Amino acid sequence: MIETKRWNLTSHAPSSGQEPADQAVLDASHMLQSGKTVAFPTETVYGLGADATNESAVQRIFTAKGRPADNPLIAHVATKDQLQNLVEELTPLADCLIEAFAPGPITFVLRSNGVCASNVTAGLSTVGIRMPAHPVAQRLLSTCDIPLAAPSANTSGKPSPTRADHVWADLYGRIDGLIDGGKTGVGLESTVVDCTGEIPVILRPGAITQDQIKAAWGSVMTDPALVATTSQPKAPGMKYTHYAPEVPLILASGTADFLQKQITAEQAQGKRVGLLATDHTAKDIHADRIYTLGDELPVVAQRLYDGLRLFKKSDVDVIFCETFPEEGIGLAIMNRLKKAADDNMNGFS
Ligand code: AMP
Ligand code: MG
């Protein structure tokens with residue numbers, strides 16, 4: 001059991017001289033430089049960071065999360081120069097997408113030059129790199145001045161953390177530090193784009209959408225594994241169970257009436273039912289526990305993992321969630337929901 005240090009950066013009033021926030025970033029940087037693990041907020045979800053060039057530091061991430069060794073990690077950097085230090089070549093495609101979207105919720109897959117430890121890339125010849133836009137992540141990266149391998153800071157298989165308390169619940173006693181920077185913004189993991197070829201290939205959908213990438217480069221492709229579940233995924237992590245809540249999740253498309261009928265049928269069998277739905281849909285539905293997701297897709301994305309984590313075995317036996325249009329960030333929302341539900345869909349149309 002490790003003593004996990006927690007810093008609170010949510011409520012610091014500005015003051016002169018060195019602020020407590022600066023001290024926290026400095027302390028966390030020293031930990032990271034000495035090979036320790038620190039979780040920190042990014043604009044997507046909380047990441048669990050360690051020195052990406054130090055194999056034993058990176059191993060601590062895998063151990064803390066219980067993550068399979070063949071699932072590669074994303075290296076996080078503060079600047080384009082730092083990104084260039086990790087790759088064989090900055091392709092014109094990567095250069096274009098960096099100019100358009102970095103810093104931001106997008107990861108560029110490029111050929112590794114071997115500076116990142118081999119367990120970061122899970123033995124692949126490529127490395128995924130991201131420049132986060134969150135001010136705390138930026139300050140931490142520029143202060144410690146090393147690339148940080150930083151997968152989502154959750155126990156492997158669970159929904160990613162969008163609040164410091166989610167990280168604490170999963171990893172307290174297993175990591176060296178946690179910077180609490182409040183709720184994350186986007187709420188879903190970054191868009192992952194293979195930039196090794198002539199055309200960008202989306203390996204994982206996220207807040208930077210297919211249309212935005214197409215507008216920047218002129219063309220875009222989607223990894224076939226994102227559409228057909230039968231083909232071999234190019235992003236290795238995609239084959240693992242992900243985002244799983246404590247109790248089974250069923251995705252239900254259709255009207256509020258149809259949803260209510262299914263919920264009532266479950267309740268008639270003695271089951272306690274949880275509901276994840278937009279404010280609009282939820283207002284006419286009775287369930288044993290309800291978590292509302294707002295009405296706009298970006299708000300649904302922000303709240304989704306908090307909702308999935310809220311439902312415990314002690315409260316409900318099954319969760320129903322409505323489905324969303326697979327356009328814009330809706331594609332990323334449905335990608336995560338289908339995995340969370342293990343493709344358990346009650347269709348209606
Ligand atoms: P996480 O940091 O937990 O959001 O997961 C990182 C994900 O990024 C992995 O599961 C892969 O899907 C993807 N990824 C990271 N590095 C690579 C790479 N070199 N090639 C393809 N996909 C990658
Ligand atoms: Mg993850």
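Only this structure's heavy atoms are used, side chains among them; waters, hydrogens and symmetry mates stay out. Just follow the structure's listing: the first ligand is 1, and inside any ligand the first atom is 1. Please read these numbers as outputs of a predicted model, since none were measured by experiment.
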If we ignore angles and hydrogens, is there a donor and acceptor under 3.5 Å between the side chains of [X] and [Y]?
X    : Y    : answer
T196 : D194 : yes
T278 : E322 : yes
T155 : R174 : no

Under-4.0 Å heavy-atom contact with ligand 1, by part of R111 that carries it:
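No part of R111 comes within reach of ligand 1.
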If you leave out waters, which protein N, O or S atoms are less than 2.8 Å from the Mg ion (ligand 2)?
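Near the Mg ion (ligand 2), below 2.8 Å, one finds S152 OG.
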What atoms of ligand 1 come closer than 4.0 angstrom to any heavy atom of [X]?
X    : result
G128 : 16 (N), 19 (N)
V127 : 19 (N)
L124 : 18 (C), 19 (N), 20 (N)
T126 : 18 (C), 19 (N), 20 (N)
N71  : 9 (C), 10 (O)
L203 : 21 (C), 22 (N)

Sort and list the pairs that fulfil ring-ring contact (aromatic ring centres under 6.0 Å, His included) and have at least one residue in [range], not counting sequence neighbours.
range            : value
residues 273-314 : Y243-Y305
residues 69-122  : none
residues 129-171 : W168-Y172

Start with the C-alpha distance between I74 and S190, add both sets of side-chain angles, then the distance that settles side chain to side chain contact (heavy atoms under 4.5 Å, CB included), and finish with yes or no.
CA-CA 10 Å; I74 294 168; S190 59; 4.0 Å; yes
Does NZ in K283 sit with more than 12 non-hydrogen atoms of other residues, nucleotides or ligands closer than 6.0 Å?
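Yes, enclosed.
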Whether over 12 other heavy atoms sit under 6.0 Å from D342 CG:
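Not buried by this count: 12 neighbours or fewer within 6.0 Å.
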So which atom in D317 and which in V247 form the shortest heavy-atom distance, rounded to 0.1 Å?
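Closest heavy-atom pair between D317 and V247: O-CB, 3.9 Å.
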For ligand 1 and K65, I'd like to know whether there is a polar contact (N/O to N/O, distance under 3.5 Å).
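No, K65 has no N/O under 3.5 Å of an N/O on ligand 1.
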Does an N or O anywhere in E189 fall below 3.5 Å from an N or O of ligand 1?
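N/O-N/O distance below 3.5 Å does not exist for this pair.
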